[in-house]
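Below is one structure, written out as structure tokens, with a few remarks after it.
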Amino acid sequence: MVLDPTVWLDVPQEVSTGTLPGWERVDELVREAHARYADEVSGEVADYIPVLAAVDPELFGLAVIEVGGGIHDAGDALHAFSIQSISKMFVYALAIQEHGHERVREIVGVNNTGLAFNSVVALELNDGHPRNPMVNAGAIATTALMPGATAVEQWERVREGLSAFAGRPLSLDGEVYASEAGSNERNRALGWLLRSYGRLAGDPDEIVDVYTRQCALSVTAHDLAVMGATLADGGVNPVTGERVVSADVCRDTLAVVAASGLYERSGDWLFEIGLPAKSGVSGGLVAVSPGKGAVAGFSPRLDEAGNSIRSQMAIGHLSRSLGLNLFASAPAPAHAGEARVSSASEGERS
Ligand code: GLN
């Protein structure tokens, strides 16, 4: 099922004014969006990671964090779940912060694969060069860039870095980690394939283990909104005030997230919603509005590409009602006048 945009066609497409409406209005719109999709049941929960199949599919949280620090939590916004693929965007940001734009660009590409997130074919078709860091092959290659003399140190760096984005110490969900570590043959195959092409330094099994741990970090929709808002705020966490990465790193990361954050559905998403966003198979989704804040959803039922359906709906709704779509504009009043004059004079000429 491709996202059906008619679910929010009655919501006026507000155009960005450069800032969010006041706190009260944002809060009202978040509550409205949460209530509107409360009964939505389409999609299926992920079952390829055994423990994820057992999650309550009714859970539904929505959160907005403003760059000014304003907080809006609705429904199950404080329910904990594993971050999964959403970790990829923050580890990528940490990698660019550490190694710089050029070096990371050489190791992992920035174009969409057009294929599933765990595709082996995508890697084979590109001479073993991972096309982007938002799919598993590219994410494993990105995790390998984390500084540290050992896998344990690299894991610590990932955990600390993602905790700084969240503004609180994040911990591993041991049950999710064990379940995924016992069923991640495909990711290990990707690690070894990268290695066979000479594109992974270090032991593939150890790197995939760090990657598996990063995916099992426990977060809430509220945390994801804080993490996303840090990327919206030039790299400064708007809740703690701590600088986590540079503004250049945020720009690079959000560009890559826009192209590939929802895998092969990224074009559909950008066309309908117009924001960089990243999804994960446990049902999380975070969209970032540069200079304004971030919107995060959590709802476990997914589309075929592995993106939370209800989170897409609620965030799509808020993109319209909060005026977040990066591509939406209206003529500036002065220019609107000129346009009218010139079309009228053309009319007179003909
Ligand atoms: N840990 C998951 C995996 O590697 C993450 C995938 C996802 O969230 N799409 O398969």
Side-chain angles (χ1 to χ4, degrees), residues 43-53 55 80-92 108 112-123 130-144 155 158-159 162 170 172-194 200 204-219 221 223-224 227-228 256-257 260-266 269 277-287 296-309 311-312:
E44 305 289 337
V45 302
D47 56 6
Y48 78 101
I49 299 172
V51 75
L52 294 185
V55 73
F81 55 94
S82 55
I83 189 169
Q84 296 297 338
S85 278
I86 300 171
S87 63
K88 293 167 179 170
M89 72 195 275
F90 300 104
V91 173
Y92 182 63
V108 191
N112 197 293
T113 63
L115 293 165
F117 65 81
N118 56 3
S119 176
V120 173
V121 172
L123 202 54
R131 280 198 192 252
N132 74 68
M134 301 299 135
V135 294
N136 292 10
I140 292 165
T142 305
T143 296
W155 157 238
V158 168
R159 205 185 59 74
L162 268 60
L170 299 178
L172 187 79
D173 180 328
E175 200 191 350
V176 171
Y177 167 67
S179 180
E180 195 165 354
S183 60
N184 66 351
E185 294 85 357
R186 197 176 176 93
N187 287 336
R188 283 163 53 208
L190 285 170
W192 282 99
L193 193 56
L194 283 164
L200 199 68
D205 284 333
E206 285 188 0
I207 293 161
V208 170
D209 186 59
V210 176
Y211 166 79
T212 306
R213 286 171 188 271
Q214 94 185 31
C215 289
L217 275 172
S218 186
V219 293
D223 290 330
L224 290 179
M227 296 171 86
V256 171
V257 167
S260 300
L262 275 80
Y263 318 113
E264 67 273 32
R265 295 278 168 85
S266 301
W269 169 265
K278 186 74 203 84
S279 63
V281 283
S282 49
L285 179 64
V286 59
F298 168 59
S299 176
R301 293 192 188 92
L302 312 176
D303 66 16
E304 295 92 338
N307 305 311
S308 166
I309 291 181
S311 299
Q312 290 183 70

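We count ligands from 1, going down the list as the structure has it; atoms in each ligand are counted the same way.
The shell of residues lying under 4.0 angstrom from ligand 1, judged by heavy atoms, excludes Asn118.
Heavy-atom contacts of Cys215 reach the following atoms of ligand 1: 1 (N) (cutoff under 4.0 Å). Close approach of ligand 1 to Gly280 is summarised as follows: ligand atoms under 4.0 Å from at least one heavy atom of the residue are 8 (O). Heavy-atom contacts of Phe117 reach the following atoms of ligand 1: 6 (C), 9 (N), 10 (O) (cutoff under 4.0 Å). Applying the 4.0 Å criterion to heavy atoms of Gln84 picks out, from ligand 1, the atoms 1 (N), 2 (C), 5 (C), 8 (O).
Looking only at side-chain heavy atoms (C-beta outward), Tyr211 and Asn136 come within less than 4.5 Å of each other. Residues Ile207 and Ile140 have side chains in contact (heavy-atom distance under 4.5 Å, counting atoms from C-beta outward). For the pair Ile83/Leu224, a side-chain contact is recorded, criterion being any heavy-atom separation below 4.5 Å from C-beta on. Leu172 has its side chain out of reach of Arg159: every pair of non-hydrogen atoms, C-beta onward, lies at least 4.5 Å apart.
Here the shortest heavy-atom distance to atom 10 (O) of ligand 1, taken over Tyr211, Tyr263, Tyr48, belongs to Tyr48.
Side chain of Lys278 to main chain of Val286: no donor-acceptor pair is present (N/O by atom type, distance under 3.5 Å, no hydrogens or angles). Side chain of Ser308 to main chain of Ser299: a donor-acceptor pair is present (N/O by atom type, distance under 3.5 Å, no hydrogens or angles).
For Val281, heavy-atom contacts with ligand 1 shorter than 4.0 Å involve the backbone as well as the side chain. Only side-chain heavy atoms of Asn187 come within less than 4.0 Å of ligand 1; its backbone N, CA, C and O stay farther off.
Ranking the protein heavy atoms by distance from atom 6 (C) of ligand 1 puts Ser85 OG, 3.0 Å first. Regarding atom 1 (N) of ligand 1, its nearest protein heavy-atom neighbour is Glu180 OE2, 2.4 Å.
Aromatic ring pairs are classed by plane angle as parallel below 30°, tilted from 30° to 60° and perpendicular above 60°; the pair Phe81 and Phe298 is parallel.
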